[in-house]
Amino acid sequence: MQRTRRDMKEKNGITLEVLRHSTAHVMAQAVKDLYRDVKLAIGPAIEDGFYYDFDATERFSEDDLEKIEKRMAEIVREDLPFERQEMPREEAIEFFRKRGEPYKVELLEEMEDETVSLYSQGDFVDLCRGPHVPSTGKIGAFKLLSLAGAYWRGDERNKMLQRIYGTAFFDKKSLRQYLRHLEEAKKRDHRKLGKELDLYSISEDVGPGLIHWHPKGARVRNIIETFWRQAHYDNGYELLYTPHIGRSELWQRSGHLDFYRESMYAPMNIDENNYFVKPMNCPFHIQIYNSQLRSYRDLPLRWAELGTVYRYEKGGVLHGLLRVRGFTQDDAHIFCTPEQIEDEILEVLRFSLYLWRCFGFEDITAYLATRPEKAVGDPKRWEQAMKSLEKAVEAEGLSCEIDEGGGAFYGPKIDLKIRDAIGREWQTTTIQFDFNLPERFDMTFTGADGEKHRPYMVHRALLGSIERFFGILVEHYAGAFPLWLAPVQVRVMTITDKQKAFAAEVLESLKKARIRAEADFRNEKLGFKIREAQVQKIPYALVIGDREVENRQVSPRGRGNLTLPSMDVETFISRIREESQVMGQTIL
RNA sequence: GCCAACGUAGCUCAGCUGGUAGAGCAGCUGAUUCGUAAUCAGCAGGUCGGCGGUUCGAGUCCGCUCGUUGGCUCCA
């Protein structure tokens, strides 16, 4: 599916971007034709299509989209040429002022060019750099997709405009393919699957953005966390547990109350002191660091915690498991000496890539964010930190994009984005230097010279948060978890009541072998039981009929419709054992 | 937080312009014991998100509120 995007980028020298931008113009023309008092804002091509923002007295509805599409089709049929015209900027300002297009005037007033270009088709004129397709007839397959509010120039202090999203392709087939892709994404939606597979829920009575893990979801989470803990111990980390609340003085000192307060919940008063629920784990880890004198011989310290934090997120941004108010970070802090920093960063990056491979993600891109204008910390340290990040990315051969000045004020960082089974990118891993907190908490270690030195501090979350990661995992596998993660690995089913006794025996053997198995001994037809197991995406159905009882065997049927030959229970168990390994390990 | 839409049984959804709620699946009961994606029948299940208003009468109209969805903004 990603292929379509690349293959179809260009046709007859026209890029998809040009086609979409032209389609946006046609849509704007249609909207102007159909509604009065419509003022044009901007209408660019975007990743998967285009949009145009309008300021209109009329409120558009879903039905309007169809009407606009129809009018667009007419304009395409008319095959109006796109005509370019150049004009001195001052003249253009006058032109658009007369046409009652204040947004265009505002854009023009801020432009520095002497002359600007206008594009017109029919009686529609728009300020535009171009280029466009030669005529509206060249526009192929398009569809309007959705309606949304959008602030003028993306600033929430500005007026809210009406945005119409659409997409366009060179031909109908590609459009259909894209729409199918959207359907596929909908089918994989973790909110839908979360309900269907009984993984988690959000209760209105408890509050939005707060996750309840049901037995099956909790089972998967437990496997993830067990694996995660083991992997951390194996890779030189120690694990911590820290409190959920801390006094206001702590958050004052850390700077959170000054810089992060709007994301923190109101304090609770305990014995005349204000306590805040933690939005981050770092101050606590620092407390542990500072609980004794540290020598350079102790470093590096790598301390990890599955730390549950709470952050206030605006109501409109909450989204299933992907954007929540309470979540568990797979957090860690690395404290080390300047000499150790390069190795440490490389190790973190390697470890992260290893974890992603274990969970079935291979396509990963790095994003490096460098020093912003306003920053704290010694520039020399920034430079060393940047170098260690760059080196690590290079050593691992990752493709990398650089966000100049995009780092936080307290340190540079690498973020990783992983691509899922249907080509979508998710931001997950973040590895951040922190030059701020060690200062604020006066963290030190004693060097070989007997002097106090400031340690480097690196903050990292690899999976990001367990909630979000779980949501991504559900969508990546479309709910069909690989065997090692599947909440239920095997469902044992009888054909008639006659086989119950042997089936129960089989179930017992599986459970003894720590295989996650459950029974379906109901008085139902086999087809019915198979169907339910398939719908629940259970990796194996074990069918037990008279034949199996007689031979003391089981007949496994895999999720992908494959029926395996009958085998005895022990053979099946070792088969499951083998298949449920991750990187040579069995997680039980 | 902002714009828009939506909120009816556990789930998916129907209910025209206001006349006191309906289907399928799931659940329960019974029959059936049937070899790889749905056996049949019966029963039960809802203060129509919440509060207030208009009306003789509100699931249906209005206001407020909570929540969800799609975006925008935000994500030091």
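The chains referred to below are lettered A, B, ... by the order of the sequence lines, with proteins before strands, and numbering in each begins at 1. Not measured: the values here are computed from a predicted model.
- In terms of position along RNA chain B, the nucleotide closest to A:S555 lies nearer the 5' end than the nucleotide closest to the other residue of the pair A:K413 and A:S555.
- Contacts of A:N561 with the nucleic acid, taken as non-hydrogen atoms under 4.0 Å apart, include base atoms.
- Pair assignment for B:C13 gives B:G22, based on Watson-Crick or G-U wobble hydrogen-bonding distances that are each under 3.5 Å.
- When rounded to the nearest whole Å, the span between CD of A:E204 and C1' of B:G50 equals 9 Å.
- The shortest distance between the side-chain N/O atoms of A:H319 and the OP1/OP2 oxygens of B:G70 is below 4.0 Å.
- Side-chain N/O atoms of A:Y151 and base N/O atoms of B:G1 include a donor-acceptor pair closer than 3.5 Å.
- Remark: A:K529 is not in phosphate contact with B:A38, judged by side-chain N or O atoms under 4.0 Å from OP1 or OP2.
- Nucleic acid contact class of A:A150 (heavy atoms, under 4.0 Å, all strands): sugar-phosphate only.
- Using a distance-only test at 3.5 Å, with no hydrogens or angles considered, no donor-acceptor pair links the side chain of A:E550 to the main chain of A:R547.
- Between B:C56 and B:A38, the distance separating the two C1' atoms is 49 Å to the nearest Å.
- Summarising the base pairing, B:C74 is matched to no nucleotide, lacking a Watson-Crick or G-U wobble pair whose two defining distances lie under 3.5 Å.
- At a threshold of 4.0 angstrom between heavy atoms, the contacts of A:R59 are confined to the sugar-phosphate backbone, with no base atom among them.
- Among the atoms of the strands shown, none is found under 4.0 Å from any heavy atom of A:E262.
- Between A:Y103 and A:D53, the side chains place no donor N or O within less than 3.5 Å of an acceptor N or O (distance only, hydrogens not considered).
- Atom pair A:Q553:CD and B:G35:P shows a separation of 19 Å (rounding to whole Å applied).
- Atom CD in A:E156 sits roughly 12 Å away from atom P in B:C3 (whole-Å rounding).
- Nucleotides B:A21 and B:G49 place their P atoms 15 Å apart, quoted to the nearest Å.
- Remark: A:R557 is not in phosphate contact with B:U36, judged by side-chain N or O atoms under 4.0 Å from OP1 or OP2.
- In this structure, A:Q536 reaches neither bases nor backbone, as no heavy-atom distance under 4.0 Å exists between it and the strands shown.
- Atom C1' of nucleotide B:C34 and atom NZ of A:K525 are separated by 6 Å, given to the nearest angstrom.
- Pairing partner, B:G42: B:C28, with both Watson-Crick or wobble hydrogen-bond distances short of 3.5 Å.
- Within 4.0 Å of A:G527, counting heavy atoms only, lie sugar-phosphate atoms of the nucleic acid but no base atom.
- With 3.5 Å as the limit, one finds a donor-acceptor pair spanning the side chains of A:D198 and A:H214.
- With distances taken from any side-chain atom of A:R522 to the nucleotides B:G1, B:U68, B:G27, the minimum falls on B:G27.
- Ring orientation note: the planes of A:F470 and A:F481 are close to parallel, at an angle under 30° on the 30°/60° scale.
- At the heavy-atom level, A:G316 lies under 4.0 Å from base atoms of the strands shown.
- If you take CG of A:L318 and P of B:G1, they are 10 Å apart, rounded to a whole angstrom.
- When only modelled atom types and interatomic distance are considered, A:W426 and A:E475 share no side-chain donor-acceptor pair under 3.5 Å.
- The separation of B:G18 from B:G53, taken at their C1' atoms, amounts to 15 Å, rounded to a whole angstrom.
- Distance from the side chain of A:K195 is smallest to B:C11 among B:C11, B:A37, B:U39.
- If you find the closest nucleotide of RNA chain B to A:F60 and to A:D155, the one lying nearer the 5' end belongs to A:F60.
- Annotation: A:F54 is in aromatic contact with A:Y52 [ring centroid separation under 6.0 Å].
- At distances below 3.5 Å, at least one donor-acceptor pair connects side-chain atoms of A:K104 with backbone N or O atoms of A:A41.
- Separation of the P atoms belonging to B:C16 and B:U60 is 11 Å when rounded to the nearest angstrom.
- One P atom belongs to B:C11, the other to B:G46, and the distance between them is 14 Å to the nearest Å.
- Comparing the C1' positions of B:A44 and B:A5 gives an interatomic distance of 35 Å, to the nearest angstrom.
- Residue A:R323 places none of its side-chain N or O atoms closer than 4.0 Å to OP1 or OP2 of B:U68.
- Summarising the geometry, the separation between CD1 on A:I495 and C1' on B:A37 is reported as 15 Å, rounded to the nearest angstrom.
- In this structure, A:L161 atom CG and B:G70 atom P are separated by 21 Å, rounded to whole Å.
- Distances were taken from every side-chain heavy atom of A:R163 (C-beta onward) to each of B:G1, B:U39, B:C72; the shortest belongs to B:C72.
- For A:V543, whose side chain is taken as the heavy atoms from C-beta onward, the closest listed nucleotide among B:U36, B:G70, B:U39 is B:U36.
- Between the side chain of A:E548 and the base of B:G35 there is at least one donor-acceptor pair of N/O atoms closer than 3.5 Å.
- Here, B:G71 and B:G15 have their P atoms 26 Å apart, quoted to the whole Å.
- Within the shown strands, nothing qualifies as a pairing partner of B:U47 under the Watson-Crick or G-U definition with both distances less than 3.5 Å.
- Here B:G70 is the nucleotide among B:G1, B:U33, B:G70 with the atom lying nearest to any side-chain atom of A:R191.
- Between the C1' atoms of B:G45 and B:A4, the separation comes to 35 Å (whole Å).
- One interatomic measurement links the two molecules: CZ of A:R325 to P of B:U68, which rounds to 8 Å at whole-angstrom precision.
- Both distances falling under 3.5 Å, in either a Watson-Crick or a G-U wobble arrangement, place B:C61 opposite B:G53.
- A donor atom on one side chain and an acceptor atom on the other are not found under 3.5 Å apart for A:Y200 and A:E467.
- Listed candidates were B:G71, B:C72, B:U33. Nearest to the side chain of A:D497 is B:U33.
- Outside the 6.0 Å centre-distance limit, the rings of A:Y260 and A:W251 are not counted as a close aromatic pair.
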